[in-house]
Amino acid sequence: MYQGPIPGVSVPHRIRRRSVLGCAALAALLTAPVVLAAPASAATTTPVIDFNGDGYADLAISAPNATVSGVADAGYLSIVYGSSAGADTAHAKVITRATAGVPGDVLQYDTFGSWTAARDLDEDGYTDLVVGGYHTPVVLWGSAQGLREGAALSGTTYQVGAGDINGDGHADVVANTGGALEVRFGPFTRAGVPASTDTLAFDDEDGPQGFTVGDVTGDGKDDVVTQHGFEEMQYMSRLYKGTSTGLSKTFQSSGYYTVGGIIADVNKDGYGDFIARQVSHVSETKEYDAGDVRVVYGSASGFSSRTQKINQETPGVPGVGETGDGDTKYGDQFGYSLAAGDVTGDGYPDIAVGVPGEGIGSVREAGAVVLLKGGPSGLTGTGAQAFNQSTSGVPGASEKGDNFGASVLLADVNANHRADLAVGAPQEDGTYQNSGAVWLLRGSKTGLTTTNITSFGPSALHAPEAGARFGDTFAR
(Lines give C-alpha, C1' and ligand atoms only; values in the text may rest on other atoms or scores of the structure.)
Protein backbone atom coordinates (compact mmCIF):
# COMPACT_ATOMS: atom_id res chain seq x y z
CA MET A 1 0.00 0.00 0.00
CA TYR A 2 1.13 3.49 -0.66
CA GLN A 3 3.02 4.97 2.26
CA GLY A 4 4.28 8.28 1.04
CA PRO A 5 7.23 9.07 -1.22
CA ILE A 6 10.29 6.91 -1.40
CA PRO A 7 13.31 9.17 -0.90
CA GLY A 8 14.25 11.01 -4.04
CA VAL A 9 11.36 9.85 -6.21
CA SER A 10 9.69 12.37 -8.47
CA VAL A 11 6.17 11.22 -9.28
CA PRO A 12 3.94 12.75 -11.96
CA HIS A 13 1.11 14.89 -10.58
CA ARG A 14 -1.67 12.56 -11.70
CA ILE A 15 -0.02 9.71 -9.80
CA ARG A 16 0.72 11.74 -6.63
CA ARG A 17 -2.93 12.72 -6.52
CA ARG A 18 -3.90 9.15 -5.71
CA SER A 19 -2.44 9.27 -2.17
CA VAL A 20 -5.12 11.82 -1.26
CA LEU A 21 -7.78 9.56 -2.74
CA GLY A 22 -6.52 6.67 -0.63
CA CYS A 23 -5.03 4.59 -3.42
CA ALA A 24 -2.11 2.29 -3.43
CA ALA A 25 0.11 3.94 -5.94
CA LEU A 26 3.81 3.45 -6.42
CA ALA A 27 4.64 1.66 -3.28
CA ALA A 28 6.27 -1.07 -1.56
CA LEU A 29 3.74 -2.20 0.98
CA LEU A 30 1.39 -2.64 -1.43
CA THR A 31 -1.59 -4.73 -1.29
CA ALA A 32 -0.77 -6.76 1.65
CA PRO A 33 0.71 -10.21 1.46
CA VAL A 34 -2.25 -12.05 2.87
CA VAL A 35 -1.39 -14.71 5.41
CA LEU A 36 -4.55 -16.36 6.64
CA ALA A 37 -4.81 -17.26 10.30
CA ALA A 38 -6.43 -20.66 10.69
CA PRO A 39 -8.40 -21.85 13.70
CA ALA A 40 -6.25 -22.93 16.65
CA SER A 41 -6.70 -26.61 15.78
CA ALA A 42 -5.39 -26.22 12.25
CA ALA A 43 -2.08 -25.28 10.72
CA THR A 44 -1.52 -21.75 9.53
CA THR A 45 -1.35 -21.65 5.74
CA THR A 46 -0.13 -19.13 3.20
CA PRO A 47 -1.80 -19.08 -0.22
CA VAL A 48 0.73 -20.00 -2.88
CA ILE A 49 0.83 -17.80 -5.97
CA ASP A 50 1.19 -20.41 -8.70
CA PHE A 51 0.07 -19.14 -12.09
CA ASN A 52 1.01 -22.32 -14.00
CA GLY A 53 0.07 -24.88 -11.36
CA ASP A 54 3.46 -26.61 -11.17
CA GLY A 55 3.73 -26.36 -7.37
CA TYR A 56 6.35 -23.60 -7.30
CA ALA A 57 5.53 -20.07 -6.16
CA ASP A 58 5.76 -17.50 -8.93
CA LEU A 59 6.71 -13.82 -8.83
CA ALA A 60 4.83 -10.98 -10.51
CA ILE A 61 7.08 -7.92 -10.38
CA SER A 62 5.89 -4.44 -11.26
CA ALA A 63 7.74 -1.80 -13.24
CA PRO A 64 5.16 1.02 -13.04
CA ASN A 65 7.16 3.83 -14.63
CA ALA A 66 8.39 1.93 -17.67
CA THR A 67 7.90 3.26 -21.16
CA VAL A 68 5.76 0.88 -23.22
CA SER A 69 5.19 1.26 -26.97
CA GLY A 70 6.73 4.73 -26.71
CA VAL A 71 4.33 5.80 -23.95
CA ALA A 72 5.93 7.06 -20.74
CA ASP A 73 4.86 5.70 -17.33
CA ALA A 74 2.61 3.10 -18.94
CA GLY A 75 4.08 0.28 -16.84
CA TYR A 76 4.35 -3.48 -17.08
CA LEU A 77 4.57 -6.68 -15.03
CA SER A 78 7.32 -9.28 -15.27
CA ILE A 79 6.23 -12.80 -14.42
CA VAL A 80 9.11 -14.93 -13.13
CA TYR A 81 8.10 -18.54 -12.57
CA GLY A 82 9.43 -20.63 -9.71
CA SER A 83 11.34 -23.89 -10.18
CA SER A 84 13.42 -26.41 -8.23
CA ALA A 85 16.41 -24.16 -8.94
CA GLY A 86 14.63 -21.01 -7.80
CA ALA A 87 13.56 -18.07 -9.97
CA ASP A 88 13.45 -19.13 -13.63
CA THR A 89 14.53 -15.86 -15.23
CA ALA A 90 15.21 -17.58 -18.58
CA HIS A 91 11.48 -18.03 -19.18
CA ALA A 92 10.16 -14.78 -17.72
CA LYS A 93 7.17 -13.14 -19.36
CA VAL A 94 6.48 -9.42 -19.72
CA ILE A 95 2.84 -8.35 -19.62
CA THR A 96 1.65 -4.88 -20.66
CA ARG A 97 -1.58 -3.37 -21.94
CA ALA A 98 -0.17 -4.08 -25.40
CA THR A 99 0.11 -7.83 -24.72
CA ALA A 100 -2.32 -9.91 -26.78
CA GLY A 101 -5.44 -10.74 -24.79
CA VAL A 102 -4.95 -7.97 -22.19
CA PRO A 103 -7.87 -5.51 -22.26
CA GLY A 104 -7.28 -1.78 -22.47
CA ASP A 105 -4.94 0.62 -24.25
CA VAL A 106 -1.40 1.69 -23.46
CA LEU A 107 -1.81 5.09 -21.82
CA GLN A 108 0.54 7.58 -20.21
CA TYR A 109 0.61 7.55 -16.37
CA ASP A 110 -1.37 4.30 -16.29
CA THR A 111 1.41 2.67 -14.19
CA PHE A 112 -0.03 -0.73 -15.09
CA GLY A 113 0.75 -3.24 -12.33
CA SER A 114 0.92 -0.68 -9.53
CA TRP A 115 -1.42 -2.84 -7.46
CA THR A 116 -2.32 -6.47 -7.76
CA ALA A 117 -4.17 -9.30 -6.04
CA ALA A 118 -3.53 -12.98 -6.71
CA ARG A 119 -6.09 -15.76 -6.13
CA ASP A 120 -7.79 -18.55 -8.06
CA LEU A 121 -10.94 -16.60 -8.92
CA ASP A 122 -12.48 -19.00 -11.46
CA GLU A 123 -11.56 -22.13 -9.44
CA ASP A 124 -9.73 -23.97 -12.20
CA GLY A 125 -6.70 -24.76 -10.03
CA TYR A 126 -4.48 -21.94 -11.34
CA THR A 127 -3.80 -18.64 -9.58
CA ASP A 128 -5.26 -15.63 -11.40
CA LEU A 129 -4.03 -12.06 -11.13
CA VAL A 130 -6.05 -8.88 -10.76
CA VAL A 131 -3.98 -5.99 -12.10
CA GLY A 132 -4.68 -2.32 -11.57
CA GLY A 133 -3.33 0.89 -12.98
CA TYR A 134 -4.66 4.39 -13.24
CA HIS A 135 -7.15 3.10 -15.80
CA THR A 136 -9.34 -0.02 -16.17
CA PRO A 137 -8.35 -2.92 -13.89
CA VAL A 138 -8.15 -6.37 -15.46
CA VAL A 139 -7.96 -10.00 -14.37
CA LEU A 140 -5.39 -12.24 -16.07
CA TRP A 141 -6.22 -15.93 -16.03
CA GLY A 142 -3.77 -18.59 -14.93
CA SER A 143 -3.25 -21.76 -16.95
CA ALA A 144 -0.78 -24.60 -17.47
CA GLN A 145 1.14 -22.13 -19.65
CA GLY A 146 1.02 -19.42 -16.99
CA LEU A 147 -0.84 -16.12 -17.13
CA ARG A 148 -2.59 -15.51 -20.41
CA GLU A 149 -5.59 -13.58 -21.74
CA GLY A 150 -7.74 -11.56 -19.38
CA ALA A 151 -10.97 -9.71 -18.86
CA ALA A 152 -11.70 -6.12 -17.93
CA LEU A 153 -13.20 -5.52 -14.50
CA SER A 154 -15.93 -2.96 -14.00
CA GLY A 155 -15.45 0.29 -12.11
CA THR A 156 -12.45 2.29 -11.01
CA THR A 157 -10.24 0.94 -8.24
CA TYR A 158 -7.25 2.37 -6.40
CA GLN A 159 -6.15 -0.83 -4.71
CA VAL A 160 -7.18 -4.46 -4.72
CA GLY A 161 -6.83 -7.29 -2.25
CA ALA A 162 -8.13 -10.83 -2.02
CA GLY A 163 -9.35 -13.33 0.55
CA ASP A 164 -12.55 -15.07 1.61
CA ILE A 165 -14.65 -12.43 3.33
CA ASN A 166 -17.82 -14.48 3.84
CA GLY A 167 -16.09 -17.79 4.56
CA ASP A 168 -17.87 -19.75 1.82
CA GLY A 169 -14.67 -21.21 0.38
CA HIS A 170 -14.66 -19.02 -2.74
CA ALA A 171 -11.98 -16.35 -3.28
CA ASP A 172 -13.28 -12.78 -3.11
CA VAL A 173 -11.76 -9.53 -4.37
CA VAL A 174 -11.82 -6.38 -2.24
CA ALA A 175 -11.55 -3.15 -4.22
CA ASN A 176 -10.87 0.33 -2.89
CA THR A 177 -12.93 2.67 -5.07
CA GLY A 178 -11.80 5.80 -3.23
CA GLY A 179 -14.93 6.38 -1.19
CA ALA A 180 -15.87 2.76 -0.54
CA LEU A 181 -14.64 -0.79 -0.21
CA GLU A 182 -16.41 -3.09 -2.64
CA VAL A 183 -16.34 -6.82 -1.96
CA ARG A 184 -16.74 -8.80 -5.16
CA PHE A 185 -17.65 -12.34 -4.14
CA GLY A 186 -16.40 -15.38 -6.01
CA PRO A 187 -16.46 -17.47 -7.96
CA PHE A 188 -15.88 -15.22 -10.99
CA THR A 189 -16.90 -15.95 -14.56
CA ARG A 190 -14.27 -15.80 -17.29
CA ALA A 191 -15.78 -12.46 -18.24
CA GLY A 192 -14.61 -11.13 -14.86
CA VAL A 193 -18.10 -10.99 -13.36
CA PRO A 194 -18.40 -11.83 -9.64
CA ALA A 195 -21.19 -13.93 -8.15
CA SER A 196 -22.39 -10.87 -6.19
CA THR A 197 -21.10 -7.68 -4.58
CA ASP A 198 -21.33 -5.83 -1.28
CA THR A 199 -20.27 -2.24 -0.60
CA LEU A 200 -18.92 -0.59 2.54
CA ALA A 201 -19.26 3.16 1.98
CA PHE A 202 -17.33 5.94 3.71
CA ASP A 203 -17.63 9.69 3.93
CA ASP A 204 -15.13 11.39 1.62
CA GLU A 205 -12.74 12.32 4.42
CA ASP A 206 -13.02 8.87 6.00
CA GLY A 207 -12.28 6.93 2.82
CA PRO A 208 -9.58 4.28 3.17
CA GLN A 209 -6.03 5.20 2.30
CA GLY A 210 -5.26 1.51 2.02
CA PHE A 211 -6.28 -1.83 3.46
CA THR A 212 -5.07 -5.26 4.52
CA VAL A 213 -6.97 -8.57 4.29
CA GLY A 214 -6.67 -11.51 6.70
CA ASP A 215 -8.45 -13.50 9.39
CA VAL A 216 -7.87 -11.67 12.68
CA THR A 217 -10.66 -13.47 14.57
CA GLY A 218 -9.81 -17.01 13.43
CA ASP A 219 -13.39 -17.79 12.37
CA GLY A 220 -12.60 -18.72 8.77
CA LYS A 221 -13.85 -15.38 7.42
CA ASP A 222 -11.28 -12.84 6.35
CA ASP A 223 -11.41 -9.41 7.92
CA VAL A 224 -10.20 -6.08 6.53
CA VAL A 225 -8.01 -3.56 8.35
CA THR A 226 -8.22 -0.11 6.79
CA GLN A 227 -5.75 2.76 7.01
CA HIS A 228 -6.94 6.33 6.83
CA GLY A 229 -5.47 9.72 6.09
CA PHE A 230 -6.66 13.02 4.68
CA GLU A 231 -4.35 15.71 3.38
CA GLU A 232 -1.61 16.06 6.04
CA MET A 233 -3.44 14.12 8.77
CA GLN A 234 -3.24 10.40 9.55
CA TYR A 235 -6.09 8.59 11.35
CA MET A 236 -6.11 5.37 13.37
CA SER A 237 -6.52 2.10 11.50
CA ARG A 238 -9.79 0.17 11.78
CA LEU A 239 -10.85 -3.47 11.77
CA TYR A 240 -13.96 -4.41 9.77
CA LYS A 241 -14.86 -8.03 10.43
CA GLY A 242 -15.88 -10.46 7.71
CA THR A 243 -19.39 -11.89 7.99
CA SER A 244 -21.51 -14.33 6.00
CA THR A 245 -22.97 -11.38 4.07
CA GLY A 246 -19.85 -9.25 3.65
CA LEU A 247 -17.94 -6.74 5.72
CA SER A 248 -19.41 -5.51 8.99
CA LYS A 249 -20.61 -1.92 8.83
CA THR A 250 -19.11 -1.19 12.25
CA PHE A 251 -15.43 -1.19 13.13
CA GLN A 252 -12.94 -1.60 15.95
CA SER A 253 -10.07 0.89 16.16
CA SER A 254 -6.55 -0.47 16.41
CA GLY A 255 -5.68 2.45 18.66
CA TYR A 256 -2.67 3.30 16.49
CA TYR A 257 -1.83 5.38 13.45
CA THR A 258 -0.56 2.88 10.89
CA VAL A 259 0.04 2.60 7.17
CA GLY A 260 0.32 -0.53 5.09
CA GLY A 261 0.44 -3.79 6.96
CA ILE A 262 0.02 -7.54 6.84
CA ILE A 263 -1.92 -10.11 8.83
CA ALA A 264 -0.12 -13.25 10.01
CA ASP A 265 -0.49 -15.59 12.97
CA VAL A 266 3.07 -15.13 14.25
CA ASN A 267 2.47 -17.02 17.51
CA LYS A 268 0.23 -19.77 16.05
CA ASP A 269 -2.61 -19.25 18.51
CA GLY A 270 -5.19 -19.44 15.71
CA TYR A 271 -5.74 -15.68 15.38
CA GLY A 272 -4.23 -13.38 12.77
CA ASP A 273 -2.00 -10.62 14.09
CA PHE A 274 -1.95 -7.20 12.45
CA ILE A 275 1.57 -5.97 11.74
CA ALA A 276 2.05 -2.52 10.24
CA ARG A 277 4.26 0.52 10.11
CA GLN A 278 3.33 2.87 12.94
CA VAL A 279 3.48 6.57 12.18
CA SER A 280 2.52 9.82 13.84
CA HIS A 281 -0.83 11.51 13.19
CA VAL A 282 0.93 13.92 10.82
CA SER A 283 1.16 12.24 7.40
CA GLU A 284 3.87 14.47 6.02
CA THR A 285 6.47 13.28 8.54
CA LYS A 286 6.51 9.62 7.44
CA GLU A 287 9.49 9.84 5.12
CA TYR A 288 11.64 11.35 7.87
CA ASP A 289 10.83 8.71 10.52
CA ALA A 290 13.35 6.22 11.82
CA GLY A 291 10.42 3.81 11.70
CA ASP A 292 8.46 1.58 14.04
CA VAL A 293 6.55 -1.66 13.45
CA ARG A 294 3.41 -2.11 15.54
CA VAL A 295 2.01 -5.58 16.23
CA VAL A 296 -1.63 -5.79 17.38
CA TYR A 297 -2.37 -9.39 18.29
CA GLY A 298 -5.65 -10.98 17.22
CA SER A 299 -8.34 -12.71 19.24
CA ALA A 300 -11.77 -14.27 18.75
CA SER A 301 -13.34 -10.85 19.25
CA GLY A 302 -10.95 -8.92 17.02
CA PHE A 303 -7.96 -6.85 18.09
CA SER A 304 -6.77 -7.91 21.54
CA SER A 305 -5.25 -5.65 24.17
CA ARG A 306 -1.83 -7.17 23.55
CA THR A 307 0.37 -4.98 21.35
CA GLN A 308 4.05 -4.68 20.69
CA LYS A 309 6.38 -2.12 19.11
CA ILE A 310 9.53 -3.24 17.33
CA ASN A 311 12.20 -1.00 15.84
CA GLN A 312 15.96 -0.86 15.46
CA GLU A 313 16.31 -0.10 19.16
CA THR A 314 14.64 -3.42 20.06
CA PRO A 315 17.16 -5.93 21.51
CA GLY A 316 18.42 -8.26 18.81
CA VAL A 317 17.35 -6.10 15.86
CA PRO A 318 20.40 -5.08 13.80
CA GLY A 319 21.11 -1.42 13.05
CA VAL A 320 20.34 1.92 14.64
CA GLY A 321 17.18 3.87 13.93
CA GLU A 322 17.95 7.20 12.32
CA THR A 323 15.54 10.03 11.58
CA GLY A 324 15.75 12.51 8.74
CA ASP A 325 16.37 16.22 9.05
CA GLY A 326 13.04 17.26 7.54
CA ASP A 327 14.78 18.71 4.52
CA THR A 328 17.30 16.73 2.46
CA LYS A 329 17.94 13.64 4.58
CA TYR A 330 15.28 10.95 4.84
CA GLY A 331 14.81 8.62 7.80
CA ASP A 332 15.41 4.88 7.80
CA GLN A 333 11.65 4.14 7.47
CA PHE A 334 11.87 0.77 9.23
CA GLY A 335 8.65 -1.03 8.26
CA TYR A 336 8.10 0.76 4.95
CA SER A 337 7.45 -2.64 3.40
CA LEU A 338 6.42 -5.86 5.14
CA ALA A 339 5.91 -9.50 4.21
CA ALA A 340 5.11 -12.71 6.07
CA GLY A 341 6.21 -16.30 5.47
CA ASP A 342 7.84 -19.23 7.21
CA VAL A 343 11.53 -18.87 6.32
CA THR A 344 12.86 -21.51 8.72
CA GLY A 345 10.18 -24.17 8.26
CA ASP A 346 9.32 -24.27 11.96
CA GLY A 347 5.63 -23.51 11.33
CA TYR A 348 5.73 -19.93 12.60
CA PRO A 349 5.46 -17.05 10.11
CA ASP A 350 8.49 -14.78 10.05
CA ILE A 351 8.31 -11.11 9.05
CA ALA A 352 10.50 -9.36 6.48
CA VAL A 353 10.86 -5.64 7.18
CA GLY A 354 12.03 -3.25 4.49
CA VAL A 355 14.21 -0.33 5.61
CA PRO A 356 14.68 1.56 2.32
CA GLY A 357 16.07 4.73 3.92
CA GLU A 358 18.80 2.90 5.85
CA GLY A 359 22.25 4.43 5.46
CA ILE A 360 25.07 1.96 4.88
CA GLY A 361 28.21 3.56 6.23
CA SER A 362 28.27 7.03 4.72
CA VAL A 363 25.94 6.04 1.85
CA ARG A 364 22.53 7.58 2.49
CA GLU A 365 19.24 5.87 1.63
CA ALA A 366 21.03 2.79 0.31
CA GLY A 367 18.46 0.56 2.01
CA ALA A 368 18.33 -2.73 3.90
CA VAL A 369 15.97 -5.50 4.91
CA VAL A 370 15.54 -7.13 8.34
CA LEU A 371 14.03 -10.54 9.08
CA LEU A 372 12.15 -10.88 12.39
CA LYS A 373 11.34 -14.37 13.66
CA GLY A 374 7.91 -15.56 14.75
CA GLY A 375 7.52 -17.98 17.66
CA PRO A 376 5.23 -19.12 20.50
CA SER A 377 5.68 -15.78 22.29
CA GLY A 378 5.03 -13.77 19.17
CA LEU A 379 7.32 -11.61 17.08
CA THR A 380 10.79 -11.04 18.48
CA GLY A 381 14.09 -9.36 17.77
CA THR A 382 15.95 -12.47 18.92
CA GLY A 383 17.78 -14.05 16.01
CA ALA A 384 16.91 -11.20 13.64
CA GLN A 385 18.95 -10.91 10.46
CA ALA A 386 19.81 -7.91 8.30
CA PHE A 387 20.94 -7.73 4.68
CA ASN A 388 21.98 -4.95 2.32
CA GLN A 389 24.03 -4.62 -0.83
CA SER A 390 27.21 -4.39 1.23
CA THR A 391 26.50 -7.69 2.99
CA SER A 392 28.97 -10.40 2.00
CA GLY A 393 27.45 -12.57 -0.72
CA VAL A 394 24.81 -10.06 -1.81
CA PRO A 395 25.41 -8.92 -5.41
CA GLY A 396 25.75 -5.23 -6.16
CA ALA A 397 26.98 -2.27 -4.15
CA SER A 398 25.27 0.09 -1.73
CA GLU A 399 24.65 3.35 -3.54
CA LYS A 400 22.90 6.53 -2.48
CA GLY A 401 19.18 6.38 -3.10
CA ASP A 402 18.93 2.72 -4.19
CA ASN A 403 16.17 2.11 -1.61
CA PHE A 404 16.99 -1.60 -1.32
CA GLY A 405 14.03 -3.03 0.63
CA ALA A 406 11.40 -0.67 -0.75
CA SER A 407 9.41 -3.82 -1.50
CA VAL A 408 9.61 -7.30 0.01
CA LEU A 409 7.88 -10.64 -0.49
CA LEU A 410 8.24 -14.01 1.21
CA ALA A 411 7.37 -16.94 -1.08
CA ASP A 412 8.57 -20.53 -1.47
CA VAL A 413 9.90 -20.20 -5.00
CA ASN A 414 11.77 -23.53 -5.00
CA ALA A 415 9.06 -25.47 -3.07
CA ASN A 416 11.33 -26.73 -0.27
CA HIS A 417 8.84 -25.73 2.44
CA ARG A 418 10.83 -22.65 3.44
CA ALA A 419 9.93 -19.17 2.25
CA ASP A 420 12.47 -17.27 0.17
CA LEU A 421 12.84 -13.49 0.35
CA ALA A 422 12.38 -11.33 -2.73
CA VAL A 423 13.68 -7.78 -2.26
CA GLY A 424 13.06 -4.88 -4.62
CA ALA A 425 15.25 -1.81 -5.13
CA PRO A 426 13.25 0.24 -7.65
CA GLN A 427 15.83 3.03 -7.78
CA GLU A 428 18.78 0.76 -8.52
CA ASP A 429 20.64 2.03 -11.57
CA GLY A 430 21.39 -0.38 -14.39
CA THR A 431 22.25 0.84 -17.85
CA TYR A 432 19.76 3.60 -17.11
CA GLN A 433 18.90 5.52 -13.95
CA ASN A 434 16.17 4.03 -11.78
CA SER A 435 15.82 0.92 -13.87
CA GLY A 436 15.38 -1.15 -10.68
CA ALA A 437 16.38 -4.66 -9.64
CA VAL A 438 15.28 -7.64 -7.53
CA TRP A 439 17.20 -10.03 -5.28
CA LEU A 440 16.06 -13.48 -4.13
CA LEU A 441 17.55 -14.87 -0.89
CA ARG A 442 16.91 -18.51 0.01
CA GLY A 443 15.21 -19.62 3.20
CA SER A 444 16.88 -22.24 5.41
CA LYS A 445 16.48 -23.95 8.78
CA THR A 446 18.44 -21.14 10.45
CA GLY A 447 17.01 -18.24 8.48
CA LEU A 448 17.86 -16.43 5.27
CA THR A 449 21.08 -17.26 3.47
CA THR A 450 23.06 -15.69 0.64
CA THR A 451 23.95 -19.15 -0.70
CA ASN A 452 22.59 -19.46 -4.25
CA ILE A 453 21.29 -15.88 -4.10
CA THR A 454 19.83 -14.56 -7.35
CA SER A 455 19.64 -10.97 -8.55
CA PHE A 456 18.26 -9.59 -11.79
CA GLY A 457 17.00 -6.43 -13.41
CA PRO A 458 14.75 -5.78 -16.40
CA SER A 459 17.57 -6.20 -18.92
CA ALA A 460 18.05 -9.84 -17.82
CA LEU A 461 14.36 -10.44 -18.57
CA HIS A 462 14.46 -8.60 -21.92
CA ALA A 463 12.07 -6.01 -20.49
CA PRO A 464 12.03 -2.21 -20.91
CA GLU A 465 14.66 -0.77 -18.60
CA ALA A 466 14.94 3.03 -18.75
CA GLY A 467 13.40 4.55 -15.62
CA ALA A 468 11.18 1.48 -15.20
CA ARG A 469 11.43 1.22 -11.38
CA PHE A 470 11.42 -2.56 -11.72
CA GLY A 471 10.77 -4.17 -8.34
CA ASP A 472 8.46 -1.43 -7.11
CA THR A 473 5.90 -4.02 -5.88
CA PHE A 474 5.32 -7.77 -5.87
CA ALA A 475 1.96 -9.42 -6.44
CA ARG A 476 0.41 -11.00 -3.34
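No hydrogens, no waters, no symmetry mates; every other heavy atom, side chains included, goes into these values. All figures in this text were calculated on a predicted structure; none of them were measured in a lab.
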Original post:
Would Thr226 and Phe251 count as a side-chain contact (heavy atoms from CB on, under 4.5 Å) if you check the C-alpha gap in whole Å, the side-chain angles of each, and the deciding distance to 0.1 Å?
Top reply: CA-CA 10 Å; Thr226 57; Phe251 67 86; over 6 Å; no
Are the side chain of [X] and the backbone N or O of [Y] linked by a donor-acceptor pair below 3.5 Å?
X	Y	result
Gln308	Leu379	yes
Asp164	Asp222	no
Asp223	Thr217	yes
Thr177	Ala180	yes
Asn166	Thr245	no
Asp215	Gly220	yes
Asp350	Gly374	yes
Gln385	Leu448	yes
Thr189	Ala191	yes
Gln227	Phe211	yes

Please report the closest heavy-atom contact between [X] and [Y], naming both atoms and the distance.
X	Y	result
Asn403	Pro426	O-CD, 4.0 Å
Tyr271	Ala300	CE2-N, 3.4 Å
Ile95	Phe112	O-CE2, 3.7 Å
Gly75	Val68	O-CG2, 3.5 Å
Ala152	Thr136	CB-CG2, 4.0 Å
Gly142	Asp124	O-OD2, 3.7 Å

Check whether any side-chain heavy atom of [X] lies under 4.5 Å from a side-chain heavy atom of [Y], and answer yes or no.
X	Y	result
Gln209	Val259	yes
Val408	Leu421	yes
Asp168	Phe185	no
Val438	Phe474	yes
Leu77	Leu129	yes
Phe188	Val139	no
Phe274	Val295	no
Leu153	Val138	no

Distance from [X] atom [atom1] to [Y] atom [atom2], nearest 0.5 Å?
X	Y	atom1	atom2	result
Ile351	Ile275	CD1	CD1	3.5 Å
Asp128	Leu140	CG	CG	8.5 Å
Ile453	Leu440	CD1	CG	8.0 Å
Lys373	Thr380	NZ	OG1	9.5 Å
Tyr158	Ser114	OH	OG	13.0 Å
Phe303	Arg238	CZ	CZ	12.0 Å

Mind checking side-chain hydrogen bond (donor to acceptor under 3.5 Å, both in side chains) for [X] and listing every partner two or more places apart, or none if nothing turns up?
X	result
Lys445	none
Asp292	Asn311
Ser444	Thr446
Ser254	Ser237

Subject >> Residue pairs involving residues 95-106 (criterion side-chain hydrogen bond (donor to acceptor under 3.5 Å, both in side chains); sequence neighbours excluded) >> reply: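 Qualifying pairs: Arg97-Asp110.
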Original post:
Going through the distances and angles, do Thr314 and Phe334 end up as a side-chain contact (heavy atoms from CB on, under 4.5 Å)?
Top reply: CA-CA 12 Å; Thr314 300; Phe334 182 86; over 6 Å; no
Original post:
With respect to Val224, which candidate in Val216, Ile263, Ile165 satisfies the side-chain contact (heavy atoms from CB on, under 4.5 Å) definition?
Top reply: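 The single option meeting the side-chain contact (heavy atoms from CB on, under 4.5 Å) with Val224 is Ile165.
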Salt bridge (charged side-chain N to carboxylate O under 4.0 Å, His left out) partners of [X], counting only residues at least two apart:
X	answer
Asp198	Lys249
Asp122	Arg190
Arg294	none
Arg418	none

Original post:
Excluding sequence neighbours, so at least two apart, what forms ring-ring contact (aromatic ring centres under 6.0 Å, His included) with His228?
Top reply: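 Phe202.
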Original post:
Partners of Trp439 by ring-ring contact (aromatic ring centres under 6.0 Å, His included), sequence neighbours excluded?
Top reply: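 So Trp439 forms a ring-ring contact (aromatic ring centres under 6.0 Å, His included) with Phe404.
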Original post:
What do the steps show when you test Val80 against Phe456 for side-chain contact (heavy atoms from CB on, under 4.5 Å), and what is the final call?
Top reply: CA-CA 11 Å; Val80 178; Phe456 51 90; 4.2 Å; yes
**OP:** Take the angle between the ring planes of Phe470 and Tyr76 and call it parallel below 30°, perpendicular above 60°, tilted in between.
**Re:**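 Ring orientation of Phe470 relative to Tyr76: tilted.
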Original post:
Quick one: salt bridge (Lys or Arg N to Asp or Glu O under 4.0 Å) pairs with a partner in residues 176-185, sequence neighbours left out?
Top reply: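 Applying salt bridge (Lys or Arg N to Asp or Glu O under 4.0 Å) to every pair that reaches into residues 176-185, excluding sequence neighbours, yields Glu182-Arg184.
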Subject >> Pair Asp289-Arg277, side-chain contact (heavy atoms from CB on, under 4.5 Å): steps then yes or no >> reply: CA-CA 11 Å; Asp289 288 344; Arg277 180 184 175 192; 4.1 Å; yes
